[in-house]
Amino acid sequence: MKKLINAVDNVVREQLQGMAVAHPDLVKVQIDPHYVVRADAPVKGKVALVSGGGSGHEPMHGGFVGMGMLDGACPGEVFTSPTPDQMYECAKAVDGGAGVLFIVKNYTGDVLNFETAAELAHADGIKVQSILIDDDVAVKDSLYTAGRRGVGTTVLAEKIVGAAAEAGYNLTQCADLCRKVNSYGRSMGMALTSCTVPAAGKPTFSLGDNEVEIGIGIHGEPGQRRMEMKTADEITEMMALEIITDKAYTRTVREWDNDQGVWVDVELVDEPLKAGDQVIAFVNSMGGTPVSELYAIYRKLAEVCQSHGITIARNLIGPYITSLEMQGCSITLLKADEEILRFWDAPVKTPGLRWGV
Amino acid sequence: MKKLINAVDNVVREQLQGMAVAHPDLVKVQIDPHYVVRADAPVKGKVALVSGGGSGHEPMHGGFVGMGMLDGACPGEVFTSPTPDQMYECAKAVDGGAGVLFIVKNYTGDVLNFETAAELAHADGIKVQSILIDDDVAVKDSLYTAGRRGVGTTVLAEKIVGAAAEAGYNLTQCADLCRKVNSYGRSMGMALTSCTVPAAGKPTFSLGDNEVEIGIGIHGEPGQRRMEMKTADEITEMMALEIITDKAYTRTVREWDNDQGVWVDVELVDEPLKAGDQVIAFVNSMGGTPVSELYAIYRKLAEVCQSHGITIARNLIGPYITSLEMQGCSITLLKADEEILRFWDAPVKTPGLRWGV
Amino acid sequence: MSVTREQIVTWLEKTAVVLDANKQYLTDLDAAIGDADHGINMTRGFTKVMEKLPTVTDKDIGNILKTVGMTLISSVGGASGPLYGTFYMRAGTAVAAKEELSNEDLAAMLQAGVDGIVQRGRAELEDKTMIDAWFPAMVALKTAVDNGDTITGALQKTVAAAEQGMKATIPLKARKGRASYLGDRSIGHQDPGATSTHLILNALLETVQEGN
Amino acid sequence: MSVTREQIVTWLEKTAVVLDANKQYLTDLDAAIGDADHGINMTRGFTKVMEKLPTVTDKDIGNILKTVGMTLISSVGGASGPLYGTFYMRAGTAVAAKEELSNEDLAAMLQAGVDGIVQRGRAELEDKTMIDAWFPAMVALKTAVDNGDTITGALQKTVAAAEQGMKATIPLKARKGRASYLGDRSIGHQDPGATSTHLILNALLETVQEGN
Ligand SMILES: Nc1ncnc2c1ncn2[C@@H]1O[C@H](COP(=O)(O)OP(=O)(O)O)[C@@H](O)[C@H]1O
Ligand SMILES: Nc1ncnc2c1ncn2[C@@H]1O[C@H](COP(=O)(O)OP(=O)(O)O)[C@@H](O)[C@H]1O
Ligand SMILES: [Mg+2]
Ligand SMILES: [Mg+2]
Ligand SMILES: [Mg+2]
Ligand SMILES: [Mg+2]
């Protein structure tokens, strides 16, 4: 394993310290328990957005803390969900009285730990809502799996709901918008190489010179299937079609009822994309794939969308939700209505995403 | 070789086409000869900035075309300087009557081809100046080498001089500022892995599991020396010290005299950094190193700067001048006076760098 | 026959040692069908437990186990953190204020802990999770205790059942946790969580055997 | 004895073939001390030359060579593009309007081309560049022609000198081009540009030998 790190046990802490010295104007970093909050937190009267998850996906989530996006982020160990006390402390640090929205990627670890955190925060009198992101079409059914993983749509949701919170949406409105964004977003990823978890010291899986993993998540885990290497056009078309032709997706998720202080099961249905839809297209690098290759992907993606009557209204191209140094990419298409586009275009000022200001 | 590409011969063209569909609001892309110009080119009365070089360094240069930065960029084949006719056509497309400044990285190929382009543009009645970027302290003398390579400072120069041109600097003022930025900037790079040139199909060099290359350029060429892998802190300190303790650097460069229409040899001296200086610190990924590792580097860099009495006034952290998918990083310290900081902070709106707008 | 507070402490110490010794093994199992961190997670958690343990060894068993649970919850993260954390929390609650455990106490403790894991994680038997080791182990202990087995005999059956359940995860297709994303590709691999469960129960057996 | 227009065309065709055959070899040489593209660059250039050539084969030799030079300049890029481009441009100017070349013409043509490379690239002998092959080759041709050698004999000496110069680059430390960044690490590797120069001159020799 060759990485620009010091002792493996200090990897996450030192990266956070680097972020703290680099961006004191944007974020404050708390070490032990680890969390990142915007420099001006808590923002009085504004709904606070908190996300978190394992480290190794940078710039997500810490790099998305700042004006117009997240109020707080809780980084766990590499690829390991953070713990409830991090989330709880972070929620206390950012709550400006209007409540806290947890944006949770659907992984067993993240879900279980955020559940405990929501209970702790609620017990403390903080208004909490929690929305699950589960957009990965590579996971086909939810009955025989832990359900679709939360991947690319997370970045777009954090941007869009962040702008809504900034614009004065209340907690329920933010939660509703976040649920909508999740239900409008679909993603699919692939890997050319594995990544190496620092503490593990060797690649999580190994791929032949002529093999790729299709339908991967973001934790260096093997994908849905392994196949022979193909051209960028073929891979792009394959992934875009899985997204575009994905059927309605129904599953039951646990949501927090803040009034009752209990978890309730709700059934959610995502409707498929259809001709005539506008989308935000997000082509993401898994960390080790350079942006130049993403443009080749985007070129073909635009073609496939067009041939299915789907209009790309906005795009985002680059490494935003990564798996350490893994080579590969993911594609996210998010159906975008006027509300979503308006908040997408709103100013954002974070270490990892910035425009309009 | 596994890359997200189609036929190797189409790599550069397809990436440019992707950029064209992705950012029609920011850039116009010309295929054959290849060049990228800002969407509103030519901007009447404004000095036009043109840079270029081999492809494979994305987002540089095409990703830096837009308001507040470059007017035009000429991408060659991967790691191969573009040709004079690209540069000449690009210069014609962006000249708004106030002349064209070529920003040229010091590589024999880039220098020779831009020389011919300057002659062609001049013959056509376009006012031209050409400034060389040669900031790589890994190259020790200029007498027995082709001189210091142009690396990280290029990105900073394009941003700063781009803002100055936007603010109304005339051609000579832009050239003088660019020369100053170059003489104030120093860089050093290192690689953990080689990269693979698509047309070559295999890694340019191979490194043992416990080896790194120190003092690399940006073309996947071997570095100044090979050494045993060390910690991020040790590597950062070593590179930072080579930059900070670098002595005055004297060399003779050819500059274009637009009045006489001839090349003249001028001697340039870069003064060393000293305690009390303010700098812009730029920690760059070579393409395959994730931003999380850059933050660990930045943390140590800030420490080393502080212990030498150097204040980091601004920073830039991310993959901006890359070598395809190479893992590794470079550090640039640019001494920054009030003029430089003002133009650094000015708005910029390009596919690869954006703020303030 | 009973399990003393000192033996509970020894069990936890042994657990820390055995998980550390199997760190790589558990991580490798997780690399095959998960994200290559289970051994790392468990060692991180039990290293923290070892730091905390000296401050509570004079407390009652319920208190000790709840401290272990809270330490795991706040240091492990991942899926295993809240699940194992819940196990020790609930186990501790079941034996609140006790200074030593009868065989019946032990069976009730295990049952409470396992119930907690099921409530949090909602896994069922044959979902290819730690439940596939915990559940048969719990049943075996209860049956043995009901039959009046010695503590050593009862725990031997418990560990044997856990081991069998662990091995039985190999041919299963995962339906919970990260491994479920792999679908058929999860078949043929042993579940890392079921493996750490077996190690933990075996540490208890060894503790009790040494005490005799 | 003379070199005809047809032979010049054949020479260029042979050059394209031999560079293509040595594409990997030249690129590998460049990987060792440069950026792994010299073979790719030269093939890209001569592929374009082959596309252009049919449109000028009825023109005079000066015209043909100048077209080759302009094509290389506008299609190769890198350091070798302008340098080889300048060679053919200047060579063409030196034999402007000629339909065939005397031995003296050939020597003058080579001299003009090499002078052009030196002016553009400012390399000196032993800088470990293509000049280390071009320069001794040019001197050998001039001497042989002055001595009244046959064209074949003169070109044999030319190619031998180029080959020797090419091999002599191996122990040198580079002082120009990318290889110069390597310092001492450039020692022990043959310069790719000197190697392509030798191949180009050898193609001329072969053309002339076939014609006899
Ligand atoms: N819903 C669940 N119920 C019970 N056990 C589970 C569940 N999900 C996962 N597990 C267990 O957790 C183990 C993985 O733990 P670990 O690797 O530490 O966490 P993560 O999956 O978050 O990386 C699995 O091997 C499995 O035994
Ligand atoms: N200043 C120079 N003068 C003469 N030849 C040079 C000079 N610089 C480089 N060369 C030649 O160019 C060759 C490299 O060409 P090539 O690899 O195609 O271009 P680049 O170095 O731009 O990648 C070197 O092997 C050397 O022979
Ligand atoms: Mg994990
Ligand atoms: Mg080159
Ligand atoms: Mg795991
Ligand atoms: Mg080269």
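In the text below, chain A, chain B and the rest are named by the order of the sequence lines, each starting its count at 1. Nothing here was measured: the structure is a model prediction, and the numbers come from that model. All values below were derived from every heavy atom in this structure, side-chain atoms included, with hydrogens, water molecules and symmetry-related copies excluded.
The number of heavy atoms from other shown groups lying within 6.0 Å of CE (A:M227) is above 12. Around the NZ atom of A:K2, the shell of radius 6.0 Å holds more than 12 heavy atoms that belong to other residues, nucleotides or ligands. For C:E99, the CD atom counts as densely surrounded, since its 6.0 Å shell holds more than 12 non-hydrogen atoms of other residues, nucleotides or ligands. Heavy atoms of other residues, nucleotides or ligands lying less than 6.0 angstrom from NZ of A:K92 number more than 12. Surrounding NZ of C:K142 are at most 12 heavy atoms belonging to other residues, nucleotides or ligands under 6.0 Å away. More than 12 non-hydrogen atoms from other residues, nucleotides or ligands lie less than 6.0 angstrom from NZ of A:K140. Other residues, nucleotides and ligands contribute more than 12 heavy atoms inside 6.0 Å of the OH atom of A:Y249. Heavy atoms of other residues, nucleotides or ligands lying less than 6.0 angstrom from CD of A:E255 number more than 12.
Ranking A:S194, A:G215, A:A199, A:P33 against chain C, the residue ahead of the rest is A:A199, based on heavy-atom pairs under 4.5 Å. Comparing A:R148, A:Q224, A:R225, A:R149 by how many heavy-atom pairs each has under 4.5 Å with chain C, the most go to A:R149. The candidate from A:T83, A:D141, A:D9 with the greatest count of non-hydrogen atom pairs under 4.5 Å with chain C is A:T83. Of the listed residues A:P203, A:G109, A:A200, the one with more heavy-atom pairs under 4.5 angstrom with chain C than any other is A:G109. Between chain A and the options C:A123, C:G177, C:G183, the largest number of non-hydrogen pairs under 4.5 Å is found for C:G177.
A:Q86 does not touch chain C: none of its heavy atoms, backbone or side chain, sits under 4.5 Å away. Of the atoms belonging to A:D32, not a single heavy atom falls under 4.5 Å from chain C. When heavy atoms are compared at a cutoff of 4.5 Å, C:D184 does not approach chain A at all. Only the side chain of A:D85 comes within contact range of chain C, with heavy atoms under 4.5 Å apart. For a residue to count as touching a neighbouring chain, one of its non-hydrogen atoms must lie under 4.5 Å from one of that chain's; by this rule C:I73 touches chain A with backbone and side chain alike. For a residue to count as touching a neighbouring chain, one of its non-hydrogen atoms must lie under 4.5 Å from one of that chain's; by this rule C:R185 touches chain A with the side chain only. If you measure heavy-atom distances from A:F205 to chain C, you find no contacts under 4.5 Å at all. Using a 4.5 Å cut-off between heavy atoms, C:A32 contacts chain A through its backbone alone, with no side-chain atom that close. The part of C:A174 that comes within reach of chain A is its backbone (N, CA, C, O), which places non-hydrogen atoms under 4.5 angstrom from that chain. Residue contact with chain A, scored on non-hydrogen atoms closer than 4.5 Å, is absent for C:T86. For C:T27, the part lying under 4.5 angstrom from a heavy atom of chain A is the side chain only. At a 4.5 Å heavy-atom cutoff, the contact between A:K202 and chain C is made by side-chain atoms alone.
Here the closest non-hydrogen pair linking A:F79 and C:R178 is O-NH2, 3.7 Å. Scanning both residues, A:R254 and C:Q119, for their nearest heavy atoms gives NH1-O, 4.2 Å. Between C:A36 and A:T204 the shortest heavy-atom distance is CB-CG2, 3.8 Å. Taking each heavy atom of C:D35 and A:H219 in turn, the nearest pair found is CB-O, 3.7 Å. Minimum heavy-atom separation, A:Y144 to C:S180: O-CB, 4.2 Å.
A side-chain contact (heavy atoms from CB on, under 4.5 Å) with C:D37 holds for exactly one of A:T80, A:V197, A:V78; it is A:T80.
Taking the side chain as every heavy atom from C-beta outward, C:N41 and A:E77 never approach each other to under 4.5 Å. At least one side-chain heavy atom of C:L83 sits less than 4.5 Å from a side-chain heavy atom of A:L112.
Residues A:D265 and C:R122 are paired through a salt bridge, judged by an N-O separation under 4.0 Å between the basic side chain and the carboxylate.
We find the OG-CG distance between C:S74 and A:N113 to be 10.5 Å, quoted to the nearest 0.5 Å.
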